[in-house]
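Working notes, structure below.
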There are 2 protein chains.
Amino acid sequence: MRMTEGVEWALHSCLNLAWAGPDRPVTAARLAAYHELPAPYLNKQLQALVRAGIVASTSGPRGGFRLVRPLAQITLMDVVAAIEGPDEAFRCTEIRQQGPGGGAPASYRLPCAFAHAMARAELAWRRELAGQTLEDVREQAEAQAPAAPERLRRWLANG
Amino acid sequence: MRMTEGVEWALHSCLNLAWAGPDRPVTAARLAAYHELPAPYLNKQLQALVRAGIVASTSGPRGGFRLVRPLAQITLMDVVAAIEGPDEAFRCTEIRQQGPGGGAPASYRLPCAFAHAMARAELAWRRELAGQTLEDVREQAEAQAPAAPERLRRWLANG
DNA sequence: GAATCACTACTCGGATAGGGTGTGTCCGAGTATACATGG
DNA sequence: CCATGTATACTCGGACACACCCTATCCGAGTAGTGATTC
């Protein structure tokens, strides 16, 4: 089981957008260059964030992306769902119904016990993701590197 | 994010092995036929369970697979780890260190705040998986379909 | 009749191809800006 | 000097190839059973 690379990019991009401030949008090319990421592909991930209503985009000169709401109102779950999609990791294909092992169809009113157990675990995962906001992460990140926000702003201004 | 199909197969196979009883091993071909699965590929998954020490294999005539320990001592985490591998879903590639965004290396003693947050969620997921044994699932499954174990044993005997 | 040996059939195990999803890239639609032009 | 229309440059957005991992498969190594053979 492996999560898409784009999730990490989207998370850092959201944090960078918050540090950049709401004054003017930041283009995908700038966000990508700041961490040496392929710009068109990061653009693709940002589009997913737009569809999820996390960031907003502006076309044309002086356009770019900006956060729609403050970091405190963006959970990790929001970003993961935006990039990875809403599907669950474990998808029960109901093999119990196939072949000689599949008995009377009346037994299949209730969901597969394995699927239920796996869903329970995924629920715990989602709950934990939904309980942490990007604001929490920002505080930790700034405690580790207090100069990071200012460095980003300078780099954006001088570019 | 998507979990391998083989996890579902491995889980049902373990349950079927428990229902078959410890008297004699069951071949991969029989286990596969019972749910109309591709036999060679299921064999591959069973090999992973062997490497993980969950089932044991016997070669030659009257060979096959059998459970090493009772279902109560096999957690969902054991099976998932055996099939999916030990790697975490979210793998931090430390993009924060790349490009102009990467500041002084001294800031990177501590792990990335995003990676820490994601790891916390995955820990909750793993904890939930480790808290449920196959015995728990067996009880639920037999409550839903009490005839299932006997049907499997009959089918194995008549095959 | 019993033990031994070789043969056979059967099973797992790892090495080998194909398909789907993520990864990376490109070009076109749309817009704010800047400039030239006319009043 | 100011308003207007136009051309321009820049940005996002979706459509297009490539690569890797999961899926599916095959054949060889090893083993238990079986039968013939010999003492």
State whether [X] places a side-chain N or O below 4.0 Å from either non-bridging phosphate oxygen (OP1 or OP2) of [N].
{"X": "R51(B)", "N": "dG14(C)", "result": "yes"}
{"X": "Y41(A)", "N": "dT23(C)", "result": "yes"}
{"X": "Q47(B)", "N": "dG14(C)", "result": "yes"}
{"X": "S57(A)", "N": "dG13(D)", "result": "yes"}

For [X] and [N], give me the distance from atom [atom1] to atom [atom2], rounded to whole Å.
{"X": "L46(A)", "N": "dG13(D)", "atom1": "CG", "atom2": "C1'", "value": "12 Å"}
{"X": "W9(B)", "N": "dC22(D)", "atom1": "CH2", "atom2": "C1'", "value": "10 Å"}
{"X": "R91(B)", "N": "dG22(C)", "atom1": "CZ", "atom2": "C1'", "value": "13 Å"}
{"X": "F65(B)", "N": "dC10(C)", "atom1": "CZ", "atom2": "P", "value": "18 Å"}
{"X": "M3(B)", "N": "dT23(D)", "atom1": "CE", "atom2": "P", "value": "12 Å"}
{"X": "N43(A)", "N": "dG28(C)", "atom1": "CG", "atom2": "P", "value": "16 Å"}
{"X": "E5(B)", "N": "dC21(D)", "atom1": "CD", "atom2": "C1'", "value": "15 Å"}
{"X": "K44(B)", "N": "dT25(D)", "atom1": "NZ", "atom2": "P", "value": "13 Å"}

- [ ] With heavy atoms under 4.0 Å as the rule, sort P40(A) into base, sugar-phosphate or nothing.
- [x]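 Base, at least one base heavy atom under 4.0 Å.
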Task: Rounded distance (nearest 0.5 Å) linking atom CD of Q132(A) with atom CD of E135(A) - done: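 So the CD of Q132(A) and the CD of E135(A) are separated by 13.0 Å.
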Task: Closest-nucleotide ordering on DNA chain C, the 5'-leading residue of L42(A) and T58(A) - done: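 Comparing both residues, the 5'-ward one is L42(A).
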Open item on the list: Pick the closest DNA chain C nucleotide for T4(A) and for R62(A) by heavy atoms, then say which residue is nearer the 5' end.
Closed with: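 The answer here is T4(A).
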Open item on the list: By nearest heavy atom, map S59(A) and M1(A) onto DNA chain D; which one lands nearer the 5' end?
Closed with: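 The residue mapped nearer the 5' terminus is S59(A).
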Task: Sidechain N-carboxylate O distance under 4.0 Å for R96(B), E94(B) - done: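 Looking at R96(B) and E94(B), the cut-off is met.
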Task: Ion pair R66(A)/D23(A), N-O distance below 4.0 Å - done: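 No, this pair does not count.
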Task: Candidate nucleotides dA15(D), dT21(C), dC12(D), ranked by approach to the side chain of A28(A) - the nearest - done: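 Among the listed nucleotides, the one closest to the side chain of A28(A) is dC12(D).
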TODO: With the side chain of P61(B) defined as its heavy atoms from C-beta on, choose the nearest nucleotide among dC10(D), dA24(D), dT31(D).
DONE: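 From the listed options, dT31(D) comes nearest.
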Open item on the list: Evaluate T133(A) against Q73(A) for side-chain hydrogen bond (donor to acceptor under 3.5 Å, both in side chains), listing each step before the verdict.
Closed with: CA-CA 7 Å; T133(A) 69; Q73(A) 294 176 25; over 6 Å; no
TODO: Kindly give the heavy-atom pair with the smallest separation between G101(B) and H35(A), and that separation in Å.
DONE: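 Nearest heavy atoms, G101(B) then H35(A): CA-CE1, 4.2 Å.
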